[in-house]
Amino acid sequence: MITVFGSINVDLVARVAALPGPGETVLAPDYTVVAGGKGANQAVAAARAREGSGAKTHMIGCVGRDGFADIALATMRDCTIDLSAVVAVAEPTACAMIGVDPAGANQIIVASGANRHLRAAQLDDGLLGVDTTLVLQLEVDPGETWAVIARAKVRGARVILNTAPAAPVPPDVAASCDILVMNEIEAVMLSSHGNDPVEAARALSLDWGVTTVVTLGAEGAWAFEPGATWRIRALAVEAIDSTAAGDAFVGVLAAALDGGSTLAEALGRASVAGGLACETAGAQPSLPGRAAIEQALSRLAPAESL
């Protein structure tokens, strides 16, 4: 069972010829409105990765009492994600404003809105047992996130924390997780061991006694666990929009581990999903299903043990 505690957004996505610099205004021909938010994206990625398996995914979050709420929840409903712990609050549904350039790079501003009201108390202890893989990010109140991690550790759940967007994580919280997933910026920010993200992730694994995974975009990813180091390459794709690639990676990694895969196997599925997500514009529309992931697995070499 996958339990996701985190953000639910709508995304306003504009494709631009070039991303704006400081003080610069750029024009886009139009924009699209799609469901997003790191928490919701990861829940959808996990659910699609295990579609047809009967595995259950639960989303814990908040939306507003506005028109954006239905958009934000629509894809999760289509994926039969359990939304019984999603609460409607007075503040508006969170909104991310995203610019995407022709190479697929993006700039994102998130107005947190309803996400600021997510509370640990919304998550029932029954969703934090030994058969649960708990997935969290850093787009909601950190104190509530830390409280959920502490409860999950006591109850024996597997805890996967995606340290995005980049923000400090207390060492005791990090040590209570099973897996930390970070990109190169986040790895360097969390570590005091220099500016090499791979060495930073290696050091964090040793410092905190947890498995760390650092994603490097087109360079793939590295994972460090006690006694083992893994490298997985990136799937070769023609990138259109990288907005949800990291969320695809995290959600599919969680789903694979929850389904009994080894870390090496899970890294392969996650890397494939992250690559496929870059081939389609938008966040949740880009997240691949189980069949697409399995079909593309043959295009990627297995994770290497180093």
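Side chains of Val135 and Phe5 form no contact here, defined as non-hydrogen atoms less than 4.5 Å apart. Proximity of Thr133 to Leu257: side-chain heavy atoms (C-beta onward) are nowhere separated by under 4.5 Å. Side chains of His58 and Met1 form a contact here, defined as non-hydrogen atoms less than 4.5 Å apart. With a 4.5 Å cut-off on side-chain heavy atoms, Cys177 and Ile149 count as touching. A 4.5 Å side-chain heavy-atom check between Tyr31 and Ile98 finds every atom pair outside the cut-off. Residues Phe224 and Leu204 fail the side-chain proximity criterion, which asks for heavy atoms closer than 4.5 Å. Under the 4.5 Å side-chain criterion, counting only non-hydrogen atoms from C-beta, Asp82 is not in contact with Met59. Side-chain contact check for Arg269 versus Val272: every heavy-atom pair is 4.5 Å or farther apart.
In this structure, Thr215 contributes its side chain and Ala221 its backbone to no donor-acceptor pair below 3.5 Å. A distance-only check finds no donor-acceptor pair linking the side chain of Arg15 to the backbone of Gly99 [under 3.5 Å]. Within the 3.5 Å criterion, the main-chain N or O of Glu219 finds no donor-acceptor partner in the side chain of Arg233.
Taking a cutoff of 4.0 Å between a charged side-chain nitrogen and a carboxylate oxygen, Arg158 and Asp178 do not qualify as a salt bridge. Using a 4.0 Å cut-off between a side-chain N of Lys or Arg and a carboxylate O of Asp or Glu, Arg48 and Glu51 do not qualify as a salt bridge. Salt bridge status for Arg290 with Glu294: present, with a side-chain N to carboxylate O gap under 4.0 Å. Asp258 and Arg50 are joined by a salt bridge, as a carboxylate oxygen and a charged side-chain nitrogen come within less than 4.0 angstrom of each other.
Note: Glu265 CD to Leu297 CG = 10.0 Å, rounded to the nearest 0.5 Å.
One hydrophobic cluster, built from ILVMFWY side chains closer than 4.5 Å, holds both Ile293 and Ile160.
Around CD of Glu304, the count of heavy atoms belonging to other residues, nucleotides or ligands within 6.0 Å exceeds 12. More than 12 heavy atoms of other residues, nucleotides or ligands lie within 6.0 Å of CD in Glu24, so this atom counts as buried by the packing criterion. Around atom CG of Leu306, more than 12 heavy atoms belonging to other residues, nucleotides or ligands sit under 6.0 Å away.
Taking both residues in full, the closest heavy atoms of Ser205 and Thr212 are given as CB-OG1, 3.5 Å, listed atom of the first, atom of the second, then distance.
Judged as a side chain to side chain contact (heavy atoms under 4.5 Å, CB included), and not counting sequence neighbours, the contacts of Ile185 are Asn183. Shown here are the salt bridge (charged side-chain N to carboxylate O under 4.0 Å, His left out) partners of Arg116, two or more places apart in sequence or in another chain: Glu91.
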Side chain to side chain contact (heavy atoms under 4.5 Å, CB included) between Trp222 and Thr229, worked out: CA-CA 7 Å; Trp222 289 71; Thr229 298; 3.9 Å; yes
Audit row: Ser7, Asn9, side-chain hydrogen bond (donor to acceptor under 3.5 Å, both in side chains) steps and yes/no: CA-CA 7 Å; Ser7 55; Asn9 301 353; 4.6 Å; no
Residues Leu300, Ile232; criterion side chain to side chain contact (heavy atoms under 4.5 Å, CB included); working and verdict: CA-CA 9 Å; Leu300 184 69; Ile232 187 71; 3.9 Å; yes
Pair Gln284-Asn41, side-chain hydrogen bond (donor to acceptor under 3.5 Å, both in side chains): steps then yes or no: CA-CA 6 Å; Gln284 289 175 22; Asn41 292 348; 3.2 Å; yes
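With hydrogens and angles left out, the side-chain atoms of Gln137 and Asn162 include no donor and acceptor closer than 3.5 Å. Defined by atom type and a distance below 3.5 Å, a donor-acceptor pair is missing between the side-chain atoms of His117 and Asp141.
Checked options Leu127, Ile8, Val148, Val87; the residue passing with Ile60 is Leu127 (criterion: side chain to side chain contact (heavy atoms under 4.5 Å, CB included)).
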